[in-house]
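Quick note on labels: first sequence line is chain A, next is B, and so on, each numbered from 1. For clarity, every value in this text was computed on a predicted model and none was experimentally measured.
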Number of protein chains: 2
Amino acid sequence: MPPQHDRLTIGELAARSGLAASALRYYEELGLIASSRTTGGQRRYHRAMLRRVAFVRAAQRVGLSLDEAGQALARLPEDRAPTAAQWAPVARAWQRRIDEQIAELQLLRRKLGGCVGCGCLSLKRCALYNPDDTAADHGPGARWLLGDTPPEPEPPTTA
Amino acid sequence: MPPQHDRLTIGELAARSGLAASALRYYEELGLIASSRTTGGQRRYHRAMLRRVAFVRAAQRVGLSLDEAGQALARLPEDRAPTAAQWAPVARAWQRRIDEQIAELQLLRRKLGGCVGCGCLSLKRCALYNPDDTAADHGPGARWLLGDTPPEPEPPTTA
DNA sequence: TGTGGACTTCAAGCGCACTCGAAGTCCAGG
DNA sequence: CCTGGACTTCGAGTGCGCTTGAAGTCCACA
């Protein structure tokens, strides 16, 4: 357990955050975290940066880009833990976002269910392909952020 | 309603699939779709390609890469609609995949709920940041190796 | 037959979130 | 004081899923 003080080297921050040092430099370049420097020019990070890094990683899990994470970060204290009052709106916004993603996935799942016995995959008729949401994305994994997914009771494989 | 025959130009396929012509050329380059050529060298797509494109787009919505979509495509008929027997396992695999995504989001959501009144975002203690699930997350190869770090008592609103 | 809009290829570029490598510098432990 | 491992910067590269542009060709309609 070598270093216990406030000024973490980039290697220490990397080890404790699970990120690569290169990623931390990148985050710093983007303004997500900040460092002071030794006289020799090496970075030293305040412990508070641990929390900021944690926040960014959490934001990514919610599906935010680093840019968006930075926006959210800007509304929280620089070097203290946020109060419940500061954190709550962020957490709630993220929850809404997650709820939307879940809702969309559930819709897709339901449509897939309707397609199981069908297989048509017609561009015109297949509910699976014809998302009434047009929120196209370009990335696999996450990014469906349509605002209002209509409930849409749907007879199997028809549009 | 100009063309009604089987041989769609790339522009027609683009219009009907909602994809850009450049994307279709890209798909063809990847082997996801195929075309014949006119004597002049222009692409003509069989109508069955509409279904293949639909399939690929659907796969993307499920979170598959184009490569994975191609793998799945290879197990379906080239130019006919898949039978229910052919389609069902694919659809079920996709549903499982969606279920996993939903489960992960729900877990994240729950953790966020626990964090609303907390705001600590401690790397050590915050459930939000410490995913006990080692979820698929396209992380940069770095693992969260925080498990073995000493507990380190951290009073609220301090770090 | 003329024409202009749709098509062709090929190479390069983009956006994101990083990673890698080279060449050089720093600094803590012995 | 020495040393070697950790750090520095900078530029380039990666992977995915495309888009854009240049330069040239085709073909359906009048």
Task: Closest-nucleotide 5' rank along DNA chain C - winner of A:L66 and B:R43 - done: B:R43
Task: Whole-Å distance separating the OH atom of B:Y26 from the P atom of D:dG15 - done: 12 Å
Any protein N or O atoms within reach of nucleotides 24-27 of chain D? Criterion: under 3.5 Å, listing atom names and distances.
residue, atom, partner, partner atom, Å
D:dC27, OP1, B:T38, OG1, 2.7
D:dC27, OP1, B:G40, N, 3.2

Open item on the list: Between B:R16 and B:L50 (side chain of the first, backbone of the second, donor and acceptor by atom type, cut-off under 3.5 Å), is there such a pair?
Closed with: no
Task: C:dC7 phosphate, OP1 or OP2, under 4.0 Å from B:T9 side-chain N/O - done: yes
Open item on the list: Just the rounded figure in Å: distance from C1' of C:dA28 to CZ of A:R7.
Closed with: 18 Å
TODO: Please state how far atom CG in A:D67 lies from atom P in C:dG15, giving the value in whole angstrom units.
DONE: 13 Å
Open item on the list: Any base atoms under 4.0 Å from B:A21, or only sugar-phosphate, or nothing? Heavy atoms, all strands.
Closed with: nothing
TODO: Return the nearest nucleotide to the side chain of B:R25; candidates are D:dG17, C:dT9, D:dT9.
DONE: C:dT9
Task: Phosphate OP1/OP2 of C:dC18: any A:R57 side-chain N/O under 4.0 Å - done: yes
Task: Residues forming a side-chain contact (heavy atoms from CB on, under 4.5 Å) with B:R96, sequence neighbours excluded - done: B:R92, B:A93
- [ ] For A:R109, check salt bridge (charged side-chain N to carboxylate O under 4.0 Å, His left out) against everything at least two apart and list the hits.
- [x] B:D99
Task: Residues which pass side chain to side chain donor-acceptor pair (under 3.5 Å) with B:Q106, listed by chain and number, not counting sequence neighbours - done: none
- [ ] Check the distance between C:dC16's P and A:Q60's CD and give it to me in whole angstrom.
- [x] 13 Å
Task: Atom-to-atom span, CD of B:E12 to P of C:dG5 - whole angstrom - done: 17 Å
Open item on the list: How many whole angstroms separate atom CG of B:L32 from atom P of D:dC16?
Closed with: 13 Å
TODO: Return the set of residues passing side chain to side chain donor-acceptor pair (under 3.5 Å) with B:E28 (not counting sequence neighbours), or none when no residue passes.
DONE: B:S35, B:R43, B:Y45
Task: Counterpart residues, side-chain contact (heavy atoms from CB on, under 4.5 Å), relative to B:S36 (two or more places apart) - done: B:R7, B:R44
- [ ] Spell out, as yes or no, whether a donor-acceptor pair under 3.5 Å connects the side chain of A:Q86 to the backbone of A:A81.
- [x] no
- [ ] Nearest whole angstrom, please: distance from the P of D:dC7 to the OH of A:Y45.
- [x] 10 Å
- [ ] Give one of base, sugar-phosphate or nothing for A:I10, where a contact means two heavy atoms less than 4.0 Å apart.
- [x] sugar-phosphate
- [ ] Indicate whether OP1 or OP2 belonging to C:dC18 is found under 4.0 Å from a side-chain N or O atom of A:Y27.
- [x] yes
Open item on the list: Using whole Å, what does the distance between atom P of nucleotide C:dC18 and atom CG of A:L24 come to?
Closed with: 10 Å
